[in-house]
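This report refers to the structure that appears directly beneath it.
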Number of protein chains: 2
Amino acid sequence: MPAMTAPAPRKAPRPRADALRNRERIVTAAREMFVEHGPDVPLDEIARRAGVGNATVYRNFPDRDALVREVVCSVMDRTVEAAELALAETGDAFAALERFVHAAADERISALCPMVSSTFDQNHPDLVASRESVERLVEEIMGRAKAAGQLRPDVGVGDLLIVVSQLSRPPAGTDCMRGDRFVHRHLQLFLDGLRAPARSVLPGEAVDIRELLDS
Amino acid sequence: MPAMTAPAPRKAPRPRADALRNRERIVTAAREMFVEHGPDVPLDEIARRAGVGNATVYRNFPDRDALVREVVCSVMDRTVEAAELALAETGDAFAALERFVHAAADERISALCPMVSSTFDQNHPDLVASRESVERLVEEIMGRAKAAGQLRPDVGVGDLLIVVSQLSRPPAGTDCMRGDRFVHRHLQLFLDGLRAPARSVLPGEAVDIRELLDS
DNA sequence: AATAACCGGGGACGGTCTCCCCGTTTAGCC
DNA sequence: GGCTAAACGGGGAGACCGTCCCCGGTTATT
């Protein structure tokens, strides 16, 4: 590839403005559709929701997995932002935890469920990077809360992420998002159960994030 | 019911023994498949899991909805049994609540998620009967626990059923039931959050069971 | 205003689920 | 222990749906 006069970093001649805007709209629509209807929704439906033609989807993403991966990474990045914000905005560790949990639910963290799906490359570079960022930040928040004696010590990062993900999912094969009214109630109940001192002994072991990946 | 020499209640000439056994196996297999793979699993897969031919499924149930309805009613009846057992075996109301929650998870109560699905008759007689039984019994347990000052008063039957259902679902499009290791941990955390005195104020209103039915 | 990339709808291909049909097996009864 | 009829299981036709490509029209860039 010979050097060119244009400031193209690679063989990218320049993407058009609305092209990137459409790509972003597709990712957003796909995130919501994955959350509401599972990882097998027709791509045409995603296109319709995004307000673009189906061809635009297939042009931006070579196959379904590419779109899923983009969505998962996007959700993880948003989650990391939420965690950083929660850490920065308050000195109270448990309050930060609460802020993070509610924010993660709003960011549709449950969309990363398909990442444990069958045909999905768990070891894609972008994926492991985002995953480690999430793990590190959540571990930071939970560690501070435990050190402050506000969070019971027998819970792990995996426990938190699983429960938030499960509780923020739409109840079933439903196409309405009316669950949002209840989600924060139930998250708050869960958070109350996380507080120290512990009101019961938990069965099993604290769940690490790595246990969620292997089958 | 006119007295006859044979115990045939109506124009049923007599169902064969293995026929009913197979029917039961189909319902059991369907329950697990609905929980693990959603309400759209191929009926042939259910037949394979039940160890019967696909024709046997279509012979016992005229259409998919009939099978779904049977599964949902079966799960509700099992849940009612679990609730009655929990009430009978202990005098402590909150302990009964805990027993019931864990039992309901083991009974795969999350299989009744498809009852809120799109094409599904919410008003079938068998359905409303089972539903009212569940509601009455859970209300009884929760009422006692509230009266004893063990359960925070700002939660409803719907809150409990939703959370138990959500937390006991397999995480995503996964075909393994390894989630069972975590489920009871997370249910216990939720139960700790239910205890009185409340550790926080909840957003929204207590969820009634009827709010889960209409779209 | 010119140009080239991008967009959007329509349609063919391929796969999958549903459902029926028929030869065989098995339970129930004499 | 043999008979009868109900039930069973496998295979296949029909139909539906998701995926992907192609082409005329549109819009951003110089």
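Letters A, B, ... mirror the listed sequences (proteins, then strands); counts begin at 1.
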### Query
Would you say C:dT18 has OP1 or OP2 under 4.0 Å from some side-chain N or O of B:Y58?
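Answer yes for this pair, as a side-chain N or O of B:Y58 is under 4.0 Å from OP1 or OP2.
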### Message
Check the phosphate of D:dC8 against B:R59, side-chain N and O only, distance under 4.0 Å to OP1 or OP2. Yes or no?
### Response
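True: B:R59 side-chain N/O within range (under 4.0 Å) of D:dC8 OP1/OP2.
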### Query
Expressed in angstrom and rounded to an integer, what is the separation of B:E45 atom CD from D:dG10 atom C1'?
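To the nearest whole Å, that distance equals 15 Å.
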Ignoring hydrogens and angles, state whether a donor on the side chain of [X] or [Y] is under 3.5 Å from an acceptor on the partner side chain.
| X | Y | result |
| --- | --- | --- |
| A:H102 | A:Q188 | yes |
| B:H37 | B:E45 | no |
| B:N22 | B:T56 | no |

### Task
With a 4.0 Å heavy-atom cut-off, tell me which residues in residues 16-26 of chain B come close to DNA chain C, sorted by residue number.
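Going residue by residue through residues 16-26 of chain B, the ones with a heavy atom under 4.0 Å of DNA chain C turn out to be B:R16, B:A17, B:D18.
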### Query
Does A:R78 reach the side chain of A:R108, with side-chain heavy atoms less than 4.5 Å apart?
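No, too far: nothing below the 4.5 Å cut-off.
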### Task
Tell me which nucleotide among D:dC22, D:dT19, C:dT18 gets nearest to the side chain of A:A55.
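Ranking D:dC22, D:dT19, C:dT18 by closest atom to the A:A55 side chain puts D:dC22 first.
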### Query
Could you walk me through whether A:R49 and A:E36 pass the side chain to side chain contact (heavy atoms under 4.5 Å, CB included) check?
CA-CA 12 Å; A:R49 172 107 158 207; A:E36 295 180 14; 3.5 Å; yes
#### Entry: Closest approach of B:G156 to B:M142 (non-hydrogen atoms, all atoms of both residues)
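B:G156 and B:M142 have their closest heavy atoms at O-CE, 3.5 Å.
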#### Entry: Side chain A:N54 and base C:dG10 donor-acceptor under 3.5 Å
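Counting by modelled atom types and ignoring angles, a donor-acceptor contact under 3.5 Å is found here.
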